[in-house]
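A short worksheet on the structure shown next.
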Amino acid sequence: EAQVTQNPRYLITVTGKKLTVTCSQNMNHEYMSWYRQDPGLGLRQIYYSMNVEVTDKGDVPEGYKVSRKEKRNFPLILESPSPNQTSLYFCASSLKSGRFPYEQYFGPGTRLTVT
Amino acid sequence: GQQLNQSPQSMFIQEGEDVSMNCTSSSIFNTWLWYKQDPGEGPVLLIALYKAGELTSNGRLTAQFGITRKDSFLNISASIPSDVGIYFCAGSSAGTASKLTFGTGTRLQVTL
């Protein structure tokens, strides 16, 4: 089944404790992206990647890191989480087709709470 | 960054009614997408629009790319209980094809 998977689905952590949220897709998509969703703000893009070893900042990259060493994986790293990073996080992927923007397919989400 | 205003923020409708929602941008967009998000899940793509004036349907859903390229509309005909969820518009402008800007969402609730 074609899908985007994220782990963990739920995470409660403390301020300053490094964490990684994994994202994996099995559709051979070149493009991958991370979003955070907060009440009243919709989805905001954190980082995106056009292909392996190519990443770029979205609208709210502060406090996050990403890497794209393999096509299928795009982990989101919080080196020193803070309470304002408590949010619902989504990973998405798509083909780099001829039509823009890419029609992105989303994972199930990771709910992160930082205390 | 770009702003997408989506309205209404929420709506209660009766089963069988038609629904309209819209999204406006502070700048010109080249593409509009409409997504639906069910509770506890990620957004799912409903309709994609690539040309000003374009009208596209997906079952009971119809979306239009506004002529000014600053707005888009989504209509749902004969609503049913499974239409409940949050509907998001999203778009991108020239030069930012790899980045999507999302609206704040319209929460739809259907009463029997």
Side-chain angles (χ1 to χ4, degrees), chain A residues 2-7 9-10 21 23 25 27 29-51 54-62 68 87-111, chain B residues 1-10 21 23-51 54 56 58 63 65 69 72 85-107:
Chain A
Q3 59 184 351
V4 178
T5 56
Q6 296 178 226
N7 281 292
R9 293 290 311 279
Y10 303 90
V21 183
C23 174
Q25 50 91 7
M27 297 168 280
H29 285 171
E30 297 94 344
Y31 180 91
M32 297 185 76
S33 181
W34 276 103
Y35 296 86
R36 60 178 289 173
Q37 184 176 30
D38 302 290
L41 296 177
L43 289 112
R44 294 178 293 168
Q45 191 173 46
I46 304 171
Y47 269 94
Y48 64 95
S49 169
M50 301 288 275
N51 214 325
V54 181
T55 63
D56 208 347
K57 296 177 181 179
D59 295 318
V60 288
E62 293 78 21
R68 188 87 183 275
S87 187
L88 180 58
Y89 291 86
F90 288 101
C91 180
S93 74
S94 77
L95 286 170
K96 274 170 61 177
S97 67
R99 295 197 123 173
F100 296 111
Y102 312 126
E103 296 174 16
Q104 298 180 35
Y105 297 87
F106 285 79
T110 294
R111 185 166 293 282
Chain B
Q2 293 170 335
Q3 298 286 325
L4 277 188
N5 295 312
Q6 201 169 337
S7 67
Q9 287 188 337
S10 65
M21 60 190 77
C23 203
T24 58
S25 168
S26 57
S27 56
I28 289 174
F29 273 11
N30 285 350
T31 308
W32 288 95
L33 305 177
W34 283 93
Y35 285 84
K36 181 189 178 214
Q37 185 177 23
D38 291 325
E41 298 184 14
V44 174
L45 182 66
L46 298 174
I47 293 179
L49 301 159
Y50 295 97
K51 195 170 148 184
E54 182 179 355
T56 298
N58 177 7
F65 192 141
R69 295 167 67 189
S72 180
I86 303 177
Y87 292 79
F88 290 99
C89 62
S92 77
S93 54
T96 63
S98 55
K99 291 178 60 176
L100 276 181
T101 299
F102 279 80
T104 50
T106 294
R107 182 181 296 275

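Order of the sequence lines sets the chain letters (A, B, ...), proteins ahead of strands, with each chain counted from 1.
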*Above 12 or not: heavy atoms from other molecules or residues under 6.0 Å from CZ of B/Arg107?*
no
*Working to the nearest 0.5 Å, report the span between OH of A/Tyr35 and CG of B/Leu100.*
4.5 Å
*asked:* Please find the pair of heavy atoms, one from B/Tyr35 and one from A/Gln104, that lie closest to each other, and give the distance.
replied: OH-O, 3.0 Å
_Structural part of A/Gln37 lying under 4.5 Å from a heavy atom of chain B_ = side chain
*What are the two closest non-hydrogen atoms of B/Gly42 and A/Phe90, and how far apart are they?*
CA-CE2, 3.2 Å
*Roughly how far, to the nearest 0.5 Å, is the OG1 atom of B/Thr104 from the CG atom of A/Leu43?*
10.5 Å
*Side chain, backbone, both or neither of B/Gln9 within contact of chain A (heavy atoms, under 4.5 Å)*: neither
*Evaluate the criterion side-chain contact (heavy atoms from CB on, under 4.5 Å) for residue pair A/Tyr105 and B/Val44; output intermediate values, then yes/no.*
CA-CA 7 Å; A/Tyr105 297 87; B/Val44 174; over 6 Å; no
*Atom CZ in A/Phe106, atom CD in B/Gln37: separation rounded to 0.5 Å?*
8.5 Å
*Against chain B, label A/Arg111 side chain, backbone, both or neither, depending on which of its atoms sit under 4.5 Å from a heavy atom there.*
neither
_Over all atoms of both residues, closest heavy-atom pair of B/Phe88 and A/Gly42_ = CE2-CA, 4.0 Å
